[in-house]
Amino acid sequence: MLRYLKIFILFFLTAQLGMGQKLVNSPYSRFGPGTIEPLGSFKSLAMGRTGVTHRDPLNLSFQNPASYTSIDTNTFVFDFGLDYRIINLISGDESYQSDDMNFHHILMGFPLGKRAGFVTGIIPYSSGYYNIDFEVNADHPDYDPLIGETKEVHKGTGGYNKFFFGLGVNPVAGLSIGANLTFLFGDVDRTNTFSFAEDNNYFNNLSNESIQLQGLNFDLGVQYSHMFENELNAIAGFTYSNSADYKGQTKRLTALYSNFSGTSYSIDTLAYSATDNEKLTLPGNISLGLALSKKNLFTVSAEYSKTSWSEANFLDHEAYFTDSRSFN
């Protein structure tokens, strides 16, 4: 156990160094906690983002903590992943593409006897990165010679991550149950500027919002497997996480500034607010699935998931939220 503890400490420090800013530019990152990251290890992502029914002695599936009982009794599993992502945005005749490679997950798991398994890891929850600008120059139909050229810039950085550890147990043959304790943490910064490019006598506008978030939640899971006489194995899985309130620390600033010698000087703070204990609510999720497999031959999985974004409360962004449903 001491050896596992040393590996765990090294793994945690490595993860802290590995978590960086994702630079996939998406306008959806402007809302709520940002763009929600795909959930799952690479095996589950490659299986159409299914994971509720996965049971594999050599691969970790953190979507359902009940699966931890499938870890081989003589195995220590370490799973580290990077992902390379391309996003294409199309609006009418215009299109835009961005890409980035970054940290995806770090997982570690090992058995606790023949009927239990333990898994811990750090996984991304959301990305808050975006970089959008809009210029009105002399050739633009909205150009006004009395105002001159103008430019809007909207930027977002940061994101939220989950650190978790979970336990799965096998109380009776065929049935496994498990739970993850998750700690959500991170911060997102958003900046909006409106500037007059041709005349320094105009005052430009700047607004900034910083949102730190942290809190605990539970993920619960159940799996039941049955082996038929022809060596076909059927697995049913179910997971549940409730909507949870998190502690938010927010800062908001609105200011006027002027450009002088290429440097921005703030001359007037129009508004400033800071809160240390803002209640932010993120949604719960329910997933259920079925899988049919034959060892070393094939696996077929089908799952349904619903995330109740209508229950979310995130700094007056509720108008942009709606429940999401998926069939994988």
Side-chain angles (χ1 to χ4, degrees), residues 1-19 33 36-45 51-82 103-126 159-171 175-186 212-223 237-247 282-287:
M1 185 59 68
L2 181 60
R3 181 183 62 175
Y4 289 148
L5 180 60
K6 291 179 180 179
I7 295 174
F8 172 77
I9 294 174
L10 177 61
F11 139 85
F12 184 80
L13 294 176
T14 303
Q16 293 296 314
L17 294 174
M19 286 186 297
I36 304 303
E37 294 291 320
L39 184 65
S41 61
F42 288 145
K43 180 177 181 179
S44 63
L45 293 176
V52 174
T53 56
H54 286 195
R55 292 184 63 82
D56 190 322
L58 300 178
N59 290 276
L60 303 176
S61 178
F62 58 84
Q63 293 103 307
N64 192 338
S67 68
Y68 302 161
T69 58
S70 66
I71 301 174
D72 189 273
T73 54
N74 297 315
T75 301
F76 173 85
V77 183
F78 185 85
D79 189 337
F80 170 80
L82 299 172
F103 162 83
H104 187 268
H105 67 267
I106 297 180
L107 306 172
M108 180 182 72
F110 51 86
L112 298 174
K114 295 182 178 181
R115 290 183 173 269
F118 174 85
V119 173
T120 185
I122 294 181
I123 56 177
Y125 177 75
S126 68
Y160 302 113
N161 298 281
K162 278 186 176 182
F163 167 69
F164 77 93
F165 60 88
L167 179 68
V169 296
N170 176 215
L175 178 66
S176 296
I177 58 176
N180 286 331
L181 175 63
T182 64
F183 176 66
L184 183 67
F185 66 96
Q212 291 185 342
L213 190 64
Q214 58 183 0
L216 298 172
N217 198 14
F218 283 94
D219 301 324
L220 306 176
V222 178
Q223 284 184 336
F238 173 81
T239 61
Y240 170 80
S241 63
N242 65 310
S243 61
D245 295 333
Y246 295 89
K247 179 182 178 182
L282 293 179
N285 175 271
I286 184 171
S287 299

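Sequential numbering from 1 along the given sequence is applied to the chain's residues.
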Minimum heavy-atom separation for [X] to [Y], with atom names?
| X | Y | value |
| --- | --- | --- |
| Leu107 | Ser41 | CD1-CB, 4.4 Å |
| Leu58 | Val77 | O-CG1, 3.9 Å |
| Gln214 | Tyr246 | O-CB, 3.6 Å |
| Pro38 | Leu45 | CB-CD2, 4.0 Å |
| Ser61 | Ser67 | O-OG, 2.9 Å |

*Going through the checks in order, is the ring-ring contact (aromatic ring centres under 6.0 Å, His included) test met by Phe62 and Phe164?*
CA-CA 9 Å; Phe62 58 84; Phe164 77 93; 5.8 Å; yes
*Sub-6.0 Å ring centroid separation between Phe80 and His104*: no
*asked:* Checking His54 now: which residues fulfil ring pair (Phe, Tyr, Trp, His ring centres under 6.0 Å) with it, not counting sequence neighbours?
replied: none
First locate atom [atom1] of [X], then atom [atom2] of [Y], and finally report the distance between them rounded to the nearest 0.5 Å.
| X | Y | atom1 | atom2 | result |
| --- | --- | --- | --- | --- |
| Asn242 | Leu282 | CG | CG | 11.5 Å |
| Leu216 | Asp245 | CG | CG | 12.5 Å |
| Leu112 | Ile71 | CG | CD1 | 8.5 Å |
| Asp219 | Ser241 | CG | OG | 5.0 Å |
| Glu37 | Asn161 | CD | CG | 8.5 Å |
| Thr120 | Leu181 | OG1 | CG | 9.5 Å |

Measure the shortest side-chain to side-chain distance between [X] and [Y] over non-hydrogen atoms and say whether it is less than 4.5 angstrom.
| X | Y | result |
| --- | --- | --- |
| Val119 | Phe110 | no |
| Phe238 | Gln223 | no |
| Ile106 | Phe78 | yes |
| Leu167 | Asn180 | no |
| Phe163 | Thr182 | no |
| Leu60 | Tyr68 | no |

*For the pair Gln63 and Ser44, evaluate side chain to side chain donor-acceptor pair (under 3.5 Å) and give the outcome as yes or no after the intermediate values.*
CA-CA 9 Å; Gln63 293 103 307; Ser44 63; 3.0 Å; yes
*Does the side chain of Ser287 pick up a donor-acceptor pair with the side chain of Asn285 at under 3.5 Å?*
yes
_Set out, in order, the CA-CA distance, both residues' side-chain angles and the distance that settles side-chain contact (heavy atoms from CB on, under 4.5 Å) for Ile123 and Tyr125, then state yes or no._
CA-CA 7 Å; Ile123 56 177; Tyr125 177 75; over 6 Å; no
Is [X] reaching over with its side chain to a backbone N or O of [Y], donor-acceptor style, under 3.5 angstrom?
| X | Y | value |
| --- | --- | --- |
| Ser126 | Pro33 | yes |
| Asn170 | Arg115 | no |
| Asp56 | Ser70 | no |

*Test ring-ring contact (aromatic ring centres under 6.0 Å, His included) applied to Tyr160 and Phe185, step by step*: CA-CA 6 Å; Tyr160 302 113; Phe185 66 96; 9.1 Å; no
*Given Arg55 and Ser176, is the side-chain contact (heavy atoms from CB on, under 4.5 Å) satisfied, shown in steps?*
CA-CA 11 Å; Arg55 292 184 63 82; Ser176 296; 3.5 Å; yes
*Trace of the side-chain contact (heavy atoms from CB on, under 4.5 Å) decision for Thr239 with Ile286*: CA-CA 6 Å; Thr239 61; Ile286 184 171; over 6 Å; no
